[in-house]
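One structure below.
Numbers here simply count residues along the sequence, with the first being 1.
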Amino acid sequence: MDDNRLTSWAWIFRDADIVKFSLIVISGTVISYLFSFYSFPERNPAISLFLLSFVVLLPFWREPELIVDITRYFTQAKHLEIYGIRYFFREWGRDIMAWTDMPLIPFLYGLIFKYIGESRAYIQTFTIILFSLTVFLTYKIGRTLWDEDTGFIAGSLLLGIPYIYTQVPLMLVDIPTMFFLMLSVFTFIKAMEKGGVLMSIFAAITMFFAIFSKYSTWPMLSVLVIIFLVYLKIPSLIYSSTSSETNPPSPPFTKGGMGGLEIAMKGKTFYRGIVIALISSLLSGLIFLSKFDVFSEQIKFLMTYQKPGLGTWSESFISTFLFQTHPFITAGALYSVYVALRKRDSRYLIVSWLFVLLVLFQIKRIRYTIPLFPMLALMASYGIRQIKGGEIRRFTVSSIVFVSLLLALFAYLPFTKKMSAVNLMEAGEFLDLLNTEEVEVFVQPAADSPVNPAVAVPVLDLFTRKKINYYYDPAAYQPPDDIKRSPLRFTWEYKNPQYYARGRRALEKNVPVVVISDDADQPIPYDIKQRIRGFQSYRVFKTSEGIFRYRTVVTVYYDQEEKLND
């Protein structure tokens with residue numbers, strides 16, 4: 001029933017010891033029960049959630065890069081590192097292949113490479129911090145719309161989605177996009193409540209960031225219109241956020257009492273929303289005009305390629321919300337719909353709107369759902385908050401988190417570390433042990449691979465400090481016949497940058513040679529045989545899960561005396 005394309009339960013439990021795993025889950029449930037006797041942190045709950053989310057993700061740093069899209073983001077970031085910020089803005093979408101990407105996240109990755117260092121550890125630290133901040137923002141949104149408990153439960157439930165643990169450490173754009181979307185939601189809510197020039201400008205800037213994170217955020221930002229309408233309809237939300245709890249309005253905004261104040265607040269709310277939208281539109285418009293040819297081509301391509309493709313690249317809602325998400329979260333979210341309708345709570349529209357769009361447009365692709373997970377957590381929290389009795393409620397929440405974390409640690413993580421992508425990571429780390437400044441890389445074409453094997457070169461580059469010398473010959477790689485509608489089409493249109501070629505100069509004889517192939521037994525062409533002649537040692541990295549058609553087997557040829565340590 002789980003048709004997820006990356007971590008289907010049919011795959012992750014294929015070789016698992018179910019008895020052992022069941023004992024682990026039972027242990028987690030017992031621990032959850034013990035936790036239910038303790039109250040949620042009363043002091044600094046937001047900081048507690050931030051630190052908890054950061055710590056639980058540390059074991060996943062050893063996960064390899066699982067998705068080939070990293071090639072685009074790494075390459076764009078490295079262009080900024082090597083050639084500078086001005087070159088990045090001038091050539092993004094031209095000399096720098098942009099595909100259907102937006103520039104913000106690769107730009108941030110490039111800044112990290114340029115000013116901190118080209119290391120995956122820095123990227124992972126950045127993405128984990130962004131995820132932990134998203135947990136923090138989820139708590140703040142729940143607290144702002146309802147109360148402390150709703151916010152804390154929502155922040156906790158974001159850790160109850162097993163799939164998300166596999167995505168946070170990756171050099172992709174989904175987790176940063178989730179952060180910028182939630183940041184724009186939170187700042188817009190605060191701007192509607194508090195007003196002020198600085199908050200309005202900040203809300204407009206965060207909206208601008210969300211727009212340039214990923215194209216799929218554009219329909220998601222319609223939630224800001226819902227926030228605007230809700231606050232326009234219920235100005236008492238604004239009043240209650242600024243009035244003293246010991247002196248609440250009574251009765252609030254009645255025709256005979258505070259009608260003038262209500263009209264004034266509605267007017268202020270309306271103008272705040274319009275001003276924020278205008279500032280964001282102005283900033284976005286300037287960027288669009290400067291790259292109009294690139295963005296217009298991308299939008300055309302999205303409509304002719306990406307949109308039709310979603311119908312064939314889909315994963316079922318059953319997979320996403322009953323396997324990749326803890327089912328109690330889904331149950332809580334469904335129950336929350338009934339609760340909100342019964343209470344006629346207009347604020348609930350803010351957290352449920354994006355899932356209305358998800359169902360309405362049948363967006364069945366989990367990577368497009370990732371930015372919506374905080375809203376799912378808020379919906380589930382709204383439902384679980386109705387459980388009578390603090391101990392039962394705490395047990396429910398803690399068991400969701402513990403079981404999901406254990407599932408990610410003892411099922412998802414071992415499975416991802418068996419994927420052939422781990423060979424590039426381990427080979428890169430091995431190369432760093434060799435006493436040389438650079439390596440020469442050859443990529444052997446694969447007969448039936450749906451992926452252009454040349455995209456493995458930037459991934460290897462991410463995991464090693466060595467300079468890579470590689471020459472890309474497009475004629476050597478022929479795409480499959482159905483490539484026009486393939487979700488991996490970009491790999492065949494991608495070309496490795498010139499900074500890998502280095503003029504094809506003659507290398508020293510003792511420079512290690514790396515051969516990336518589809519199979520450890522794949523015949524070696526004559527030119528590679530000539531290049532490795534005389535090497536006395538080699539190391540093969542050939543881990544494989546035996547499921548995916550795209551595989552990366554890495555063989556490193558080197559002189560034994562060149563190795564520094566084992």
Do Phe212 and Phe107 have ring centroids that are under 6.0 Å from one another? no
Considering residues, nucleotides and ligands other than Phe355, do more than 12 of their heavy atoms fall under 6.0 Å from its CZ? yes
Quick one about Asp2 and Gln324 (side-chain donor to acceptor, distance below 3.5 Å, no hydrogens or angles considered), yes or no? yes
d(Ile329 CD1, His326 NE2) to nearest 0.5 Å is 7.0 Å
Could you go step by step and tell me if Thr187 and Thr206 meet the side-chain hydrogen bond (donor to acceptor under 3.5 Å, both in side chains) rule? CA-CA 8 Å; Thr187 55; Thr206 59; 2.8 Å; yes
Counting distance only, does the side-chain N/O of Ser381 pair as donor-acceptor with the main-chain N or O of Thr150 below 3.5 Å? yes
Asp149 vs Arg143, test: salt bridge (charged side-chain N to carboxylate O under 4.0 Å, His left out). Steps then yes/no. CA-CA 7 Å; Asp149 278 358; Arg143 180 188 177 190; over 6 Å; no
Assess Arg72 against Phe490: is NZ or CZ under 6.0 Å from the centre of the six-membered ring, and within 45 degrees of the ring's axis? yes
Tyr109 versus Gln76, side-chain donor and acceptor atoms under 3.5 Å: no
What are the two closest non-hydrogen atoms of Ile24 and Phe410, and how far apart are they? CG2-CD1, 3.8 Å
Determine, step by step, whether Arg14 and Glu545 satisfy the salt bridge (charged side-chain N to carboxylate O under 4.0 Å, His left out) criterion, reporting the C-alpha distance in whole Å, the side-chain angles of both residues, the deciding distance to 0.1 Å, and the verdict. CA-CA 10 Å; Arg14 186 182 58 173; Glu545 78 295 322; over 6 Å; no
Minimum heavy-atom distance Asn4-Ser319, with the two atoms named: N-OG, 3.3 Å
Separation between CD1 of Ile128 and CD1 of Ile123, rounded to the nearest 0.5 Å: 12.0 Å
Quick check on Ile18: does its CD1 atom have over 12 non-hydrogen neighbours (other residues, nucleotides or ligands) under 6.0 Å away? yes
What residues form a ring pair (Phe, Tyr, Trp, His ring centres under 6.0 Å) with Phe74, not counting sequence neighbours? Phe113
Tyr494 ring center within less than 6.0 Å of Trp99 ring center: no
Does Trp11 CH2 have over 12 foreign heavy atoms under 6.0 Å away? yes
So, Ser404 side chain and Val401 main chain: donor-acceptor pair closer than 3.5 Å or not? no
Listed once per pair and sorted, the salt bridge (Lys or Arg N to Asp or Glu O under 4.0 Å) pairs that draw on residues 386-413, sequence neighbours left out: none
With a 6.0 Å cut-off (strictly less than), is the heavy-atom count around OH of Tyr338, excluding the residue itself, greater than 12? no
Thr71 side chain to Val455 backbone, donor-acceptor under 3.5 Å: yes
Enumerate the salt bridge (Lys or Arg N to Asp or Glu O under 4.0 Å) contacts for residues 25-35, please, sequence neighbours excluded, ordered by first and then second residue. none
Is the backbone N or O of Phe321 less than 3.5 Å from a side-chain atom of Thr330, with the two atoms forming a donor-acceptor pair by type? yes
When you check the side-chain N and O atoms of Thr217 and Thr177, is any donor under 3.5 Å from an acceptor? no
Check whether Tyr305 forms a cation-pi arrangement with Arg485 (NZ or CZ under 6.0 Å from the six-membered ring centre, at most 45° off the ring normal). no
I'd like to know whether CZ of Phe402 has more than 12 heavy-atom contacts from other residues, nucleotides or ligands below 6.0 angstrom. yes
More than 12 heavy atoms of other groups within 6.0 Å of Phe301 CZ: yes
Say whether, by atom type as modelled, one donor and one acceptor occur between the side chain of Thr166 and the main chain of Pro162 under 3.5 angstrom. no
For the pair Phe288 and Trp218, name the ring-plane relationship: parallel under 30°, tilted 30 to 60°, perpendicular over 60°. perpendicular
For Met182 and Leu378 the tightest heavy-atom approach is CE-CD1, 4.4 Å
Donor-acceptor pair, Arg5 side chain versus Ser314 backbone, under 3.5 Å? yes
Would the number of heavy atoms belonging to other residues, nucleotides or ligands and lying under 6.0 Å from CD1 of Ile318 be above 12? no
Side chain of Arg347, backbone of Leu145: donor and acceptor closer than 3.5 Å? yes
Over 60° means perpendicular and under 30° means parallel, so classify the ring planes of Tyr33 and Phe37, tilted if in between. perpendicular
Applying salt bridge (Lys or Arg N to Asp or Glu O under 4.0 Å) as the test, list every pair that has at least one member in residues 167-185; sequence neighbours left out. Asp174-Lys214, Asp174-Arg367
Just by modelled atom types, is the Met379 backbone N or O under 3.5 Å from a matching donor or acceptor in the Ser336 side chain? yes
Any ring-ring contact (aromatic ring centres under 6.0 Å, His included) involving residues 368-390? Give me the pairs, sequence neighbours left out, ordered by first then second residue. Trp146-Tyr382, Tyr348-Tyr382
Which residue pairs pass the side-chain hydrogen bond (donor to acceptor under 3.5 Å, both in side chains) test with at least one member in residues 122-134, sequence neighbours excluded? Ser53-Ser132
Gln386 and Tyr335 side chains, donor-acceptor separation under 3.5 Å: no
Arg272 versus Glu193, closest heavy-atom pair with distance: NH1-O, 3.7 Å
Sub-4.5 Å side-chain heavy-atom contact between Leu413 and Thr416: yes
Shortest non-hydrogen pair, Pro219 vs Leu357, comes out as O-CD1, 3.7 Å
If I take atom CG from residue Leu376 and atom OG from residue Ser352, how far apart are they, to the nearest 0.5 angstrom? 11.5 Å
How about Phe136 and Phe50: are their ring centroids closer than 6.0 Å? no
Nearest 0.5 Å please: distance from the CD atom of Glu63 over to the CG atom of Leu170. 5.0 Å
Donor-acceptor contact below 3.5 Å, side chain Gln362 vs main chain Val359: yes
Ser280 side chain to Ala277 main-chain N or O, any donor-acceptor pair under 3.5 Å? no
Distance alone, cut at 3.5 Å: any donor-acceptor contact between the side chains of Thr320 and Glu315? no
Does the separation of the ring centres of Phe295 and Trp92 fall below 6.0 angstrom? yes
Can you measure from OG1 (Thr269) to NZ (Lys233) and round to the nearest 0.5 angstrom? 13.5 Å
Grab the two heavy atoms, one from Ala154 and one from Ala377, that are nearest each other, plus how far apart they are. O-CB, 3.4 Å
Relative to each other, are the rings of Phe270 and Phe228 parallel, tilted or perpendicular (30° and 60° limits)? tilted
Arg342 CZ: over 12 foreign heavy atoms closer than 6.0 Å: yes
Leu57 side, atom CG; Ile129 side, atom CD1 - distance, nearest 0.5 Å: 12.0 Å
